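Right, one structure below, let's go through it.
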Amino acid sequence: MSVIALEVYTAEQHPNADALRLYQMGAAGYETVPIVANLDNLYAVGDTVAVALPGATLKDGTTIKAVKLRGYTSAGMALGPVKQPVGTDLSMQFCRAEVLLNAVALQKWPSIELLHNLCRRFELLGEAPQITYHAKVKLDGTNGGVQVFSDRRIAVQSRSQIITPHADNAGFAAWVSNHLDYFQGLTGEQHLTIFGEWCGQGIQKRTAIAGLDRRIFAVFALQTGGITGQIARLIVDPEQIRARLPEHPDLFVLPYQGEALMLDFGDRAQLQAQAEHLNQQVAAIEQCDPWVAETFGIQGLGEGLVFYPQGQGGDRLTYRELLFKAKGEKHQVVKTKKSVQLDPEIAESIDAFVALFVTPARLAQGVTAVGGVHTQSIGPFLKWINQDIQKESTAELAAADLTWKQVNKALTKAARDWYFQQVRLV
């Protein structure tokens, strides 16, 4: 269910914002949902309220996400009081019809920021936390996920959609289908999603993992909940993941790489010193992926690192906000001077901005996202490129004193010219 009628269990004033209120809402058989709402509607304990849960797409096109408002998590959006019984599925009333045709909702792995975007967010919020991070290698493959329902149903997904053996992504759904007994054996009371990288032979070309003689699923996180009123919680600790997943010859759990390190977002000198240390780590991994070398005996190029916050609890929202990544020079989708830096690059012109964001790595990702180079795919390709750059370039636009409208035409032309060149080469 995307929108459900919930009962208000508690109601109180937000301690950090006069214009917001905090609620706990729920229904029998559902996990209690924390909601932060404005004063357009005031709800009292016992009221019944329509609540859109994360992943819902409303009729106006709004996609609901869990957010943190002035320090408090809101795991959905209150849409107003309703008269239907508590627990009623209200999706048909509030959601777009085409979304309801999908039998399974995508449990999307979040896009991961660069460190300078994290620094900027904390600065805007006026926060300066000290956070300990532990890294895992970033493998060059294609993002995949397996959902295990409590009734033993299995759903397979790419980064952006549900897939099947008949509408597949690099054979991932077919592989899951061939090992259905393994995944059904993971069935429990809570919905489980397994996130990982489907990688190896024939999926990508440049990195060490591409030299593998087969394809594997390298798991980096588990999610429990996320449907039917259950709050999504992440498990990223490798030992905890291994405890949940039985051994399988083609399924691997990515370990932590190197030592944990603390970043003090209130101490720029400390941050800068740690950034230099991380740049050295990324440079070494680009020379040789240590996990691939140790696990498979293959020496070669690595993509980079993803940094996971430690000791932050399992709230998926916390991880989404605090994760960051660092890619080696050959895999950067933003052409920064260094893999890890505290400030965004400053483009001196629109052409320089285009060069910063229309990179070979991003263009290659766009081709993968639309299923290859075909003349008929130019529209979806350009749409993907523009959306991808727009969501990642806020800090760089501000630093260059540019607007999206000013750069959009030049970005589109650069991507279109590159794509048509690839079409001619096919």
Side-chain angles (χ1 to χ4, degrees), residues 68 109-123 125 127-141 143 159 195-197 207 209 218-223 233-241 253-292 302-334 336-344 361 391-392 395:
K68 187 171 286 186
W109 181 251
S111 297
I112 301 175
E113 301 278 11
L114 299 175
L115 181 60
H116 73 261
N117 287 319
L118 208 57
C119 294
R120 181 173 182 268
R121 182 187 303 135
F122 286 133
E123 183 178 349
L125 291 172
E127 299 178 357
Q130 295 180 348
I131 303 173
T132 298
Y133 284 91
H134 218 157
K136 300 180 185 182
V137 296
K138 192 175 192 309
L139 294 173
D140 192 15
N143 185 275
R159 176 177 286 279
F195 291 109
E197 198 76 4
T207 58
I209 194 66
V219 176
F220 49 73
L222 303 179
Q223 175 185 293
R233 291 188 170 86
L234 288 179
I235 301 170
V236 299
D237 180 83
E239 294 305 316
Q240 294 181 30
I241 295 174
V253 177
L254 282 176
Y256 283 135
Q257 181 65 38
E259 300 297 324
L261 78 162
M262 190 273 287
L263 298 183
D264 185 347
F265 288 90
D267 185 340
R268 189 173 177 87
Q270 191 266 2
L271 271 181
Q272 188 61 55
Q274 295 287 43
E276 293 302 324
H277 172 66
L278 296 181
N279 279 316
Q280 293 173 12
Q281 281 189 294
V282 174
I285 283 175
E286 188 165 40
Q287 292 299 312
C288 181
D289 185 313
W291 182 74
V292 175
E303 183 176 359
L305 292 168
V306 176
F307 295 88
Y308 295 79
Q310 306 294 293
Q312 300 292 321
D315 188 330
R316 178 187 166 111
L317 175 62
T318 301
Y319 274 95
R320 181 177 68 83
E321 289 186 334
L322 300 180
L323 283 165
F324 72 94
K325 64 186 176 185
K327 293 185 177 183
E329 181 180 356
K330 294 181 177 64
H331 286 87
Q332 288 180 348
V333 293
V334 182
T336 54
K337 292 184 177 69
K338 295 183 178 181
S339 300
V340 182
Q341 53 190 53
L342 307 186
D343 300 303
K391 74 183 181 183
E392 290 189 2

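Residues take their numbers from the sequence shown, with the count starting at 1. Worth saying up front: this structure is predicted, and the values here are computed from it rather than measured.
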Pairing residues for [X] by the side-chain contact (heavy atoms from CB on, under 4.5 Å) criterion, not counting sequence neighbours:
| X | answer |
| --- | --- |
| Gln287 | none |
| Ala221 | Trp109, Phe195, Val236 |
| His134 | Tyr256, Ala260, Gln310 |
| Val137 | Leu139, Leu254, Gln257, Ile285, Asp289, Pro290, Trp291, Leu305 |

Closest heavy-atom contact between [X] and [Y]?
| X | Y | result |
| --- | --- | --- |
| Gly328 | Ser339 | CA-OG, 4.0 Å |
| Ala395 | His116 | CB-CD2, 4.3 Å |
| Glu321 | Lys68 | OE2-CB, 3.8 Å |
| Ala128 | Gly266 | CB-CA, 3.5 Å |
| Tyr133 | Leu322 | OH-O, 2.8 Å |

Set of residues satisfying salt bridge (charged side-chain N to carboxylate O under 4.0 Å, His left out) with respect to [X], sequence neighbours excluded:
| X | value |
| --- | --- |
| Glu239 | Arg242 |
| Glu286 | none |
| Glu123 | none |
| Glu197 | none |

- Message: If we ignore hydrogens and angles and just use 3.5 Å, is the side chain of Thr207 paired with the main-chain N or O of Gly302 as donor and acceptor?
- Response: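 Answer holds: no.
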**Report entry** Polar side-chain atom of Gln341 near backbone of Lys338 as donor-acceptor pair, under 3.5 Å
**Finding:**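 Pair found, side chain donor or acceptor close to backbone of Lys338.
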[X]: which residues meet the side-chain hydrogen bond (donor to acceptor under 3.5 Å, both in side chains) condition with it, sequence neighbours left out?
| X | answer |
| --- | --- |
| Asn279 | none |
| Gln281 | none |
| Gln272 | Glu276 |

Answer yes or no: is there a side-chain heavy-atom contact under 4.5 Å between [X] and [Y]?
| X | Y | value |
| --- | --- | --- |
| Pro238 | Lys136 | yes |
| Thr132 | Pro309 | no |
| Leu261 | Leu278 | yes |
| Lys391 | Ser111 | yes |
| Phe220 | Asn143 | yes |
| Leu118 | Leu263 | no |

Practice prompt. Working to the nearest 0.5 Å, report the span between CZ of Arg120 and CG of Leu342.
Written response: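 Going from the CZ atom of Arg120 to the CG atom of Leu342 covers 14.5 Å.
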Any chance CD of Glu392 has more than 12 other-residue heavy atoms, nucleotides or ligands included, within less than 6.0 Å?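 Check passes, neighbour count above 12.
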Checklist entry - Around atom NZ of Lys337, are there more than 12 heavy atoms of other residues, nucleotides or ligands at under 6.0 Å? => result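 Incorrect, the count does not exceed 12.
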query: What residues form a ring-ring contact (aromatic ring centres under 6.0 Å, His included) with Phe265, not counting sequence neighbours?
result: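 Checked Phe265 against ring-ring contact (aromatic ring centres under 6.0 Å, His included); matches are Phe122.
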query: Hey, is Arg268 close enough to Asp343 for a salt bridge, meaning N to O under 4.0 Å?
result: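 A salt bridge links Arg268 with Asp343.
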Chi angles and distances behind the side-chain contact (heavy atoms from CB on, under 4.5 Å) call for Ile131, Met262:
CA-CA 6 Å; Ile131 303 173; Met262 190 273 287; over 6 Å; no
Derivation and outcome, side-chain contact (heavy atoms from CB on, under 4.5 Å), residues Leu271 and Asp264
CA-CA 6 Å; Leu271 271 181; Asp264 185 347; 5.7 Å; no
key: Reference residue Leu222; test side-chain contact (heavy atoms from CB on, under 4.5 Å); the match among Ile241, Asp237, Leu234, Val253   =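 The option that passes is Ile241.
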